[in-house]
Every structure is written in structure tokens, then in C-alpha cells.
Amino acid sequence: MKKNIQTLSSIVLSALLLASCSKSANAPVAPEKKDNAAKVLTYIQSLGFSQRNIVDNGDAYIVDDDIRFPKDMKVPGGKASTEQRWSGSKLTAANALNVRIKVDPSMTSMMPEINSAIDQWNNIGGDIALHFSIVDDAPYDILIRDADLGEGICGRGTFPSGGSAGNLIQINKTLIAGNSFAQRQRTITHEIGHNISITHTNEPNGAIVPGTPATDANSLMNGGQCNVGATVLSNYDKIAARWLY
Ligand SMILES: [Zn+2]
């Protein structure tokens with residue numbers, strides 16, 4: 001576990017999946033895939049994540065235990081300045097207004113928690129154009145499914161790519177089953193935050209959202225706080241979401 005309070009504010013960053021990802025899904029593994037993985041690794045490092053927090057997990061790199069970067073993601077081009085990182089990373093306005101979540105059968109037992117999480121993001125209030133809904137079938141933007149993520153890792157999200165929300169949220173259902181309802185829905189709310197590009201408030205990585213403080217103990221987007229962290233979005237979490245969308 002890392003120190004909880006290290007940094008600045010609600011932070012955001014993101015990433016793009018290769019637009020042609022689905023088209024090439026059945027193609028043989030090509031050298032370019034390996035090359036792209038190297039680019040993804042360089043990109044992760046450019047965001048400020050230290051090497052010791054990056055784990056190679058086969059088809060993706062895992063950072064800070066609960067954020068995945070698919071090796072076939074589209075790495076934003078150009079210099080890694082804050083603006084460019086932002087411009088290439090978040091959902092398009094149209095996609096932000098219609099984020100479709102499909103719940104895998106492995107997670108339907110936690111539908112009340114999922115609905116609570118969605119309600120939090122749908123009810124931020126003020127000047128924001130962000131809306132989530134549950135869909136039963138394809139097309140969808142985010143799949144939520146159960147996964148054994150190992151000891152102590154409650155969930156894992158994916159940053160946006162190509163203007164769309166990150167496509168996968170994994171929840172370690174067995175691990176969080178003993179938590180309170182509020183904490184179970186916190187885990188889901190937190191991972192959804194990653195899938196719309198918000199990273200850990202208490203980690204020094206990503207681009208800082210203007211108007212947010214150096215630290216926010218009430219932030220639901222603080223990392224490493226499964227079963228002990230905030231269960232509702234803080235005022236600054238909402239400011240970050242409004243600034244993005
Ligand atoms: Zn997280």
C-alpha cells in the first residue's frame with residue numbers, strides 16, 4: 001500500500017484504444033502489436049507512473065493495482081503536455097451523454113450496488129453532460145464482470161480510448177462480498193471513474209484538474225482505500241467530472 005496523501009487534487013489522464021482494435025482481434029499476432037506495447041509502456045511512464053508500479057499482465061499493463069492499459073490501446077500522439085493528454089483521452093461529448101454499461105451475468109447479483117454507482121455519476125448536478133445507462137445487449141461501452149484479481153485488489157478499471165469509455169471493469173466480487181453495501185458500491189463507483197478518465201486523487205500521476213485542492217481526503221477517487229474510503233463523490237470529485245464533461 002502506498003501513502004494515501006501524496007499529491008495534488010483530482011487528477012485525470014487517459015488513453016486511447018486503437019480504433020481498429022476490434023477489426024484486428026482475430027488476426028495473427030503481428031510484430032506491430034509488440035511495438036505498440038512498448039509505446040504503451042513508454043506512455044504510462046510519461047504520465048508519471050514509476051516502473052515499480054507497472055505490472056505486465058499479458059494483454060495489458062496494470063498500474064497501481066486497479067488501472068489497466070490494454071497493450072493494443074492507441075497511445076495519444078504528440079508531446080505529453082497536459083492539454084494534449086486531455087484532448088486525446090476523455091470521452092467525446094456524444095459518448096459522454098450515452099455511456100452504456102453491460103452487466104455480465106457474473107455480476108448481476110450486485111445490480112443494486114451497480115445502480116447506486118451509476119446514480120452517483122448521473123446525479124452530479126450543475127453544468128455537466130454525462131449520463132450512464134444499463135443495456136442488456138451489444139452495443140455497449142463498458143462491460144462489468146467478476147474477476148479474481150488477487151489478494152487485496154477489489155476492482156480494476158480501464159481508461160478511455162478513442163473517445164469512448166474504457167471498455168472493461170473487473171470486480172473482485174468474492175473479495176468485496178463481505179464489505180458493507182456502501183463500500184461495495186464505492187468500489188464500483190471508483191472503477192467507473194477510471195473508465196471516464198479520472199485517476200487517483202492521491203497519486204502524483206496524470207494531469208491536474210484546475211480548481212481542485214492539493215489533497216482531498218473525501219475523494220472517492222483516492223486509491224488504495226477499498227473498504228475504508230469515501231462512499232460518495234466529494235465536492236471536488238464532482239468539480240473534476242464537470243470540468244471534464
Ligand atoms: Zn483506482
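These values consider heavy atoms only, across backbone and side chains, with no hydrogens, waters or symmetry-generated copies. In each ligand, atom 1 is the first atom listed, and ligand 1 is the first ligand listed.
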message = Which residues pass the side chain to side chain contact (heavy atoms under 4.5 Å, CB included) test with Lys238, not counting sequence neighbours?
response = Ile124, Leu233, Arg242
message = For Leu244, is there any backbone N or O sitting under 3.5 Å from a side-chain donor or acceptor partner on Lys90?
response = yes
request  = Give the total of protein N/O/S atoms at a distance below 2.8 Å from the Zn ion (ligand 1).
outcome  = 5
request  = Only one of Ile196, Ile128, Asp237 passes side-chain contact (heavy atoms from CB on, under 4.5 Å) with Trp121; say which it is.
outcome  = Ile196
ask   = Are the charged groups of Asp59 and Lys71 less than 4.0 angstrom apart, N to O?
value = no
ask   = Can you hop from Val40 to Ile54 via hydrophobic side chains spaced under 4.5 Å?
value = yes
message = Checking His190 against His200 for the side chain to side chain contact (heavy atoms under 4.5 Å, CB included) test, could you report, in this order, the C-alpha distance in whole Å, the side-chain angles of both residues, the deciding distance, and whether it holds?
response = CA-CA 9 Å; His190 178 100; His200 291 150; 3.2 Å; yes
